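Per chain, numbering begins at 1; letters A, B, ... match sequence-line order. In this text, all values refer to a predicted model and were calculated from it rather than measured experimentally.
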Protein chains: 2
Amino acid sequence: MYSEGVSTSERLIESTRELLWERGYVGTSPKAILERAEAGQGSMYHHFKGKPDLALAAIRRTAEELRATAEGVLGGPGTPYERIEAYLRRERDVLRGCPIGRLTMDPDIIASDELRAPVDETLDRIRERIAGIVEEGKDQGQFAPSLDGEAIAATVLATVQGGYVLARASGSPAAFDAGVRGLLSLLAPDRPA
Amino acid sequence: MYSEGVSTSERLIESTRELLWERGYVGTSPKAILERAEAGQGSMYHHFKGKPDLALAAIRRTAEELRATAEGVLGGPGTPYERIEAYLRRERDVLRGCPIGRLTMDPDIIASDELRAPVDETLDRIRERIAGIVEEGKDQGQFAPSLDGEAIAATVLATVQGGYVLARASGSPAAFDAGVRGLLSLLAPDRPA
DNA sequence: GTCTATATAACGATAGAC
DNA sequence: GTCTATCGTTATATAGAC
């Protein structure tokens, strides 16, 4: 499963990342992590204080990765509308859901300020980034001056996060795509009144 | 906790509904259900085949309740826009999340067609209801003919479901409200181009 | 219908040998 | 740094008395 040269602590973090994405925090057991990482009980408690500590390391890395991915499209070329469209349409494994957003449904994550912090910060920063792009679009006359950047940014992010919910409920990415399509049709600069 | 006259099986279902909402399926144990229902081990396995069977009864009831609540506002008075606004702005315990939508992040729910079915059906029927209202609005000239009812309906539902995610991440309902506000501003019939 | 007793496995963590 | 052994608790379910 794992090639030589990857450290045990590295394998533990990567396995935890996968399991948190698939099963959430409550649904992920140390035993499952150890099996996937091909590591023994002792290794985990040597490198990490326990399940919450290991999960924190995993969540931080996933959060960092998600922020980078988002910035990759939002900071790309194109008009404000095009960059938001690129964000909404970027390749996604829709049925797997959002590795960060899904954690908000985990009671133990929400109960812990430390575990919730990277989730909150990640979504918040992407939201701020989108809000700025909307304001940019207003300055350029691409979006109506009446639009509130912060509010539109929340709508964009919510459409994505909620799209995952609809898709997983139906077992098909179609509802996610429909939601994105609907939002883009409302947002389109040349939308008929 | 429970007044006389409420049957044990009733208390079991209600307790399960609460716990599924708070902690999801994976995070809810029979023991926790029994304690909350003030029932013994034997009662639960007398009335239900096991945890999945009890959960199914609980989910079905919650699904039914949610559909009725949605129909209550979507079938209310007002123009199509006003009815959609009423749906988006209806009173919600935002930080608790959606009792049906949250189940889509539960691996054991998604893995079971039987448990997923009521979740899927509920969201699908609300979506269809909203899609019809959008089409109505198009017929009446309140919405642009270019809008796709199905897509807009998915956007509306996704904004709500995603709004819960953003709110729970930040520990405040503000992001939910912002997302709704943003969507309504895009949807408003008198929106400036 | 409800109770207690019991069972098997998993959970999350610690101890101490190597 | 990793391993095995062990711990006390919980998860989920069954058995059988009342």
Side-chain angles (χ1 to χ4, degrees), chain A residues 1-59 103 105-112 114-115, chain B residues 1-59 103 105-112 114-115:
Chain A
M1 192 81 183
Y2 277 98
S3 56
E4 311 284 321
V6 178
S7 73
T8 299
S9 108
E10 190 60 25
R11 293 202 312 273
L12 286 167
I13 292 177
E14 287 303 313
S15 297
T16 304
R17 274 169 22 100
E18 292 171 16
L19 283 164
L20 285 180
W21 196 352
E22 290 169 23
R23 305 195 41 86
Y25 183 85
V26 169
T28 295
S29 71
K31 193 191 176 199
I33 294 169
L34 295 175
E35 279 169 7
R36 189 170 296 215
E38 293 167 32
Q41 200 88 324
S43 296
M44 169 173 156
Y45 286 99
H46 171 74
H47 293 288
F48 302 94
K49 288 201 281 284
K51 178 180 167 179
D53 189 42
L54 173 51
L56 184 57
I59 292 170
L103 298 174
M105 294 305 146
D106 228 299
D108 291 5
I109 299 278
I110 294 303
S112 158
E114 216 180 354
L115 291 175
Chain B
M1 193 79 184
Y2 277 98
S3 57
E4 311 283 321
V6 178
S7 73
T8 300
S9 107
E10 191 60 25
R11 294 203 311 274
L12 286 167
I13 292 176
E14 286 303 312
S15 297
T16 303
R17 271 164 31 96
E18 293 170 17
L19 283 164
L20 285 180
W21 196 353
E22 290 169 23
R23 308 195 39 86
Y25 182 85
V26 169
T28 295
S29 71
K31 191 189 178 199
I33 294 170
L34 296 173
E35 280 169 6
R36 189 170 297 214
E38 293 167 32
Q41 201 86 326
S43 297
M44 168 173 157
Y45 287 99
H46 172 73
H47 293 287
F48 302 94
K49 288 199 283 284
K51 179 181 166 179
D53 188 42
L54 173 51
L56 183 56
I59 292 171
L103 297 175
M105 294 305 146
D106 229 298
D108 291 6
I109 300 278
I110 295 303
S112 157
E114 214 179 357
L115 291 175

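Considering T28(B), I109(B), L54(B) in turn, T28(B) is the only one that fulfils the side chain to side chain contact (heavy atoms under 4.5 Å, CB included) rule with L20(B).
Closest of all the heavy-atom pairs between R11(B) and V6(B) is NH1-O, 3.2 Å.
As rounded to whole Å, 13 Å separates atom P of dT2(C) from atom CD of E10(B). Remark: P of dT10(D) and CZ of R23(B) are 13 Å apart, rounded to the nearest angstrom. dG1(C) atom P lies 12 Å from atom CZ of F48(B), rounded to whole Å. As a whole-Å value, the separation of M44(A) CE from dA13(C) P is 6 Å. Between H46(B) atom NE2 and dT4(C) atom C1' there is a gap of 17 Å when expressed in whole angstrom units. Rounded to an integer number of Å, the gap from CG of L34(B) to C1' of dA11(D) is 11 Å. Distance L54(A) CG to dG12(C) C1': 13 Å, rounded to the nearest Å. Atom CD in Q41(A) sits about 10 Å away from atom C1' in dT14(C), given to the nearest Å.
The Y45(A) side chain lies nearest to dT14(C) when the options are dA13(D), dT14(C), dC11(C). Here the nucleotide nearest the side chain of H47(B), chosen from dT2(C), dA10(C), dT2(D), is dT2(C). Across dA13(D), dT2(D), dC11(C), the shortest atom-to-atom separation from the side chain of S29(A) is found for dC11(C). The side chain of S43(B) sits closest to dT2(C) out of dG1(D), dC11(C), dT2(C).
At the heavy-atom level, S9(B) lies nowhere under 4.0 Å from the strands shown. G40(A) comes within contact range of the sugar-phosphate backbone alone, with a heavy-atom separation under 4.0 Å but no base atom that close.
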Legend entry - Pair L115(A)-D108(A), side chain to side chain contact (heavy atoms under 4.5 Å, CB included): steps then yes or no: CA-CA 8 Å; L115(A) 291 175; D108(A) 291 5; 5.7 Å; no

Inset, instruction - Apply side chain to side chain contact (heavy atoms under 4.5 Å, CB included) to I13(A) and F48(A), showing your working. - result: CA-CA 10 Å; I13(A) 292 177; F48(A) 302 94; 3.7 Å; yes

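Ionic pairing of E14(A) and R17(A) is present here: one or more N-O contacts between side-chain nitrogen and carboxylate oxygen are shorter than 4.0 angstrom.
Taking 4.0 angstrom as the limit, K31(A) places none of its side-chain polar atoms (N or O) nearer than this to OP1 or OP2 of dC11(C).
When each of A39(B) and P52(A) is assigned the nucleotide of DNA chain C with its nearest heavy atom, A39(B) is the one assigned upstream, toward the 5' end.
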